[in-house]
Novice: 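Pasting a structure below so you can have a look.
Note on naming: letters A, B, ... go to the chains in the order of the sequence lines (proteins, then strands), and numbering restarts at 1 for each one.
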There are 2 protein chains.
Amino acid sequence: MRADAKRNYDRIVEVARTVFREQGYDASLDLIAKQAGVGPGTLYRHFPKRDDLIDAVMQSWVDGVNETAEKVLAHQGSPRDLLLAWFEEYVRLISVHKGGPAKITCAMGDDGSPIRTKCEVLRAAGDRVLDRLRAEDAVRDDVTALQVARLVGGVATVADQSELDLAAVRPMLEVVADGLLK
Amino acid sequence: MRADAKRNYDRIVEVARTVFREQGYDASLDLIAKQAGVGPGTLYRHFPKRDDLIDAVMQSWVDGVNETAEKVLAHQGSPRDLLLAWFEEYVRLISVHKGGPAKITCAMGDDGSPIRTKCEVLRAAGDRVLDRLRAEDAVRDDVTALQVARLVGGVATVADQSELDLAAVRPMLEVVADGLLK
DNA sequence: TGCTAAACGGAGACAGTCTCCGTATTGTTC
DNA sequence: GAACAATACGGAGACTGTCTCCGTTTAGCA
């Protein structure tokens, strides 16, 4: 990659991160280009689809996912507490940007999505939590990590679109957790 | 309302019903206007916001909701069967149009939404099912009909956006049902 | 039949996506 | 350090969708 190309690439991602945070994932891409001081052509050459840009923005986010999972697993408590703690962190993780829950949950099952790899990390983290619970025989074993991700992702999506706060989300997560535990 | 106005109103709703069914709730409104043989101005005068048009389209749908609820309640079986039957019908009802689950679930908590009244009918139907289960002391009583609607709506939203079929949705509904039952 | 309030409709302003292609920059080769 | 590919740039503009304004038409009443 040529030096100027890399410069622009980085600049666009940095601007996009800010704009997405402020306006959500459906912010105008031309605006991001302008704010980054490049033409729309440049943006679209680097990131042909919106999801490609989102993927680049999420790069740093992935580290946080693993850290969070570790922290949750380190915490001692009942299986129910563990599951709920993970659910809450999961919702928080995918809700950092408006539109995130729907985007991520949707991409999770879509093999062709550019942000698929990021979702994979998220799912793997969820799997670690589930494995721990399965080892304790605390959770029903006919449910996959993908299904759990979709259940919690569904709750997060509704919360995101209806602008609910964590307090309103919590009881719904409890229902899902109780339905999952043996 | 003047005769020609009513004529156009009805024509637009009829066309919108078809177009929404074929293309989902985010179909172009100008296209609907053109197809109905009116100018965009006419469409926007009758339906200032997209949701106003959706609301009109849903008018006939409301009857189906009540019928379905009655049918589910008439069916004999365990509380779990009843709940699952209702969930499946619920998902089916709100998924007739692409984008429907998100739209309806979101509007359900939004006092200012034009389609609020339609959602009210849906929630009331869900409440009838819940009441029946509460009478049998089969379901936890710290959960409201709105929360249940959001849980199932969340599953339906994910299914809609990820284009999952009912077979894939069923196990997730089971988790929600089990979490809800005592 | 004439009048007025109501309704129409389409031109066009505005915003967002995305592409094409002439121009500019990079980095390599001699 | 000059010349030359290869690579990248950027902005004009095509396209699509939303929504409004306002001159024109029509319905319904007196």
Novice: Counting only pairs under 3.5 Å, give me each side-chain donor-acceptor contact of residues 143-151 of chain A, with atom names and distances, residues two or more places apart or in other chains.
Specialist:
unit_1  : atom_1 : unit_2  : atom_2 : d
T144(A) : OG1    : L146(A) : N      : 3.4
T144(A) : OG1    : Q147(A) : N      : 3.1
Q147(A) : OE1    : T144(A) : N      : 3.1

Novice: Rounded off to whole Å, could you give me the CD-to-C1' distance for the Q35(B) and dG9(C) pair?
Specialist: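 After rounding, the gap between these two atoms is 17 Å.
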Novice: Looking at E89(A) and R92(A), is there a salt bridge between them, counting it only when a charged N and a carboxylate O are closer than 4.0 Å?
Specialist: yes
Novice: Taking only Watson-Crick and G-U wobble pairs with both distances under 3.5 Å, what dot-bracket line describes DNA chain D, where [ ] shows pairs that cross earlier ones and | shows pairs with another strand?
Specialist: ||||||||||||||||||||||||||||||
Novice: If Ile, Leu, Val, Met, Phe, Trp and Tyr residues are connected whenever their side-chain heavy atoms lie under 4.5 Å apart, and connections chain through other members, are V158(B) and L93(B) in the same group?
Specialist: no
Novice: Under 4.0 Å, heavy atom to any atom of DNA chain C: which of residues 42-56 of chain A qualify?
Specialist: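 Going residue by residue through residues 42-56 of chain A, the ones with a heavy atom under 4.0 Å of DNA chain C turn out to be Y44(A), R50(A).
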Novice: Thinking salt bridges, do D55(B) and R116(B) make one under a 4.0 Å N-O criterion?
Specialist: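 The answer is no: the pair does not qualify as a salt bridge.
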Novice: In whole Å, what is the span from the NZ atom of K34(A) to the P atom of dC9(D)?
Specialist: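 Computing the K34(A):NZ to dC9(D):P distance gives 18 Å.
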Novice: Taking DNA chain C as the partner, which of residues 7-30 of chain B come within under 4.0 angstrom of it by heavy atom?
Specialist: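 Those residues are N8(B).
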Novice: Start with the C-alpha gap between D131(A) and R134(A), add the side-chain angles, then the distance that decides, and say whether salt bridge (charged side-chain N to carboxylate O under 4.0 Å, His left out) holds.
Specialist: CA-CA 5 Å; D131(A) 276 343; R134(A) 283 194 195 106; 3.0 Å; yes
Novice: Under a 4.0 Å threshold between the charged nitrogen and the carboxylate oxygen, would E120(A) count as salt-bridged to R123(A)?
Specialist: yes
Novice: Check this for me: E136(B), atom CD, are more than 12 non-hydrogen atoms of other residues, nucleotides or ligands nearer than 6.0 Å?
Specialist: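 Correct, the count exceeds 12.
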Novice: Strictly distance-based, threshold 3.5 Å: is any side-chain N or O of R132(B) a donor or acceptor partner for the main-chain N or O of L73(B)?
Specialist: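 Yes, the answer is positive, given that a donor and an acceptor are paired below the 3.5 Å cut-off.
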Novice: side-chain contact (heavy atoms from CB on, under 4.5 Å) between W61(A) and V65(A): does it pass, once the steps are laid out?
Specialist: CA-CA 7 Å; W61(A) 171 86; V65(A) 169; 3.7 Å; yes
Novice: Answer yes or no: is there a donor N or O on one side and an acceptor on the other, between the side chain of D160(B) and the main chain of K98(B), under 3.5 Å?
Specialist: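 Here the side-chain-to-backbone pair does not exist.
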Novice: Run the side-chain donor-acceptor check on residues 34-50 of chain A: report pairs under 3.5 Å with partners two or more places apart or on a different chain.
Specialist:
unit_1 : atom_1 : unit_2 : atom_2 : d
R50(A) : NH1    : Y25(A) : O      : 2.7
R50(A) : NH1    : A27(A) : O      : 2.9
R50(A) : NH2    : A27(A) : O      : 3.2

Novice: Nucleotides 27-30 of chain C: which of its N/O atoms have a protein N/O under 3.5 Å away?
Specialist:
unit_1  : atom_1 : unit_2 : atom_2 : d
dG27(C) : OP1    : A3(A)  : N      : 3.2

Novice: Taking the nucleotide of DNA chain D with the closest heavy atom to each, which residue, P40(B) or A5(A), is nearer the 5' end?
Specialist: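 Result: A5(A).
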Novice: Rounded to the nearest Å, what distance is computed from the CG atom of residue L31(A) to the P atom of nucleotide dC14(C)?
Specialist: 18 Å
Novice: Can you list the steps and then say if E174(A) with R170(A) is a salt bridge (charged side-chain N to carboxylate O under 4.0 Å, His left out)?
Specialist: CA-CA 6 Å; E174(A) 284 181 15; R170(A) 171 88 193 191; 3.2 Å; yes
Novice: Using the rule given for side-chain contact (heavy atoms from CB on, under 4.5 Å), can you reason through I54(A) versus H97(A), listing the C-alpha separation, both sets of side-chain angles and the distance that settles it, and then say yes or no?
Specialist: CA-CA 10 Å; I54(A) 292 177; H97(A) 294 153; over 6 Å; no
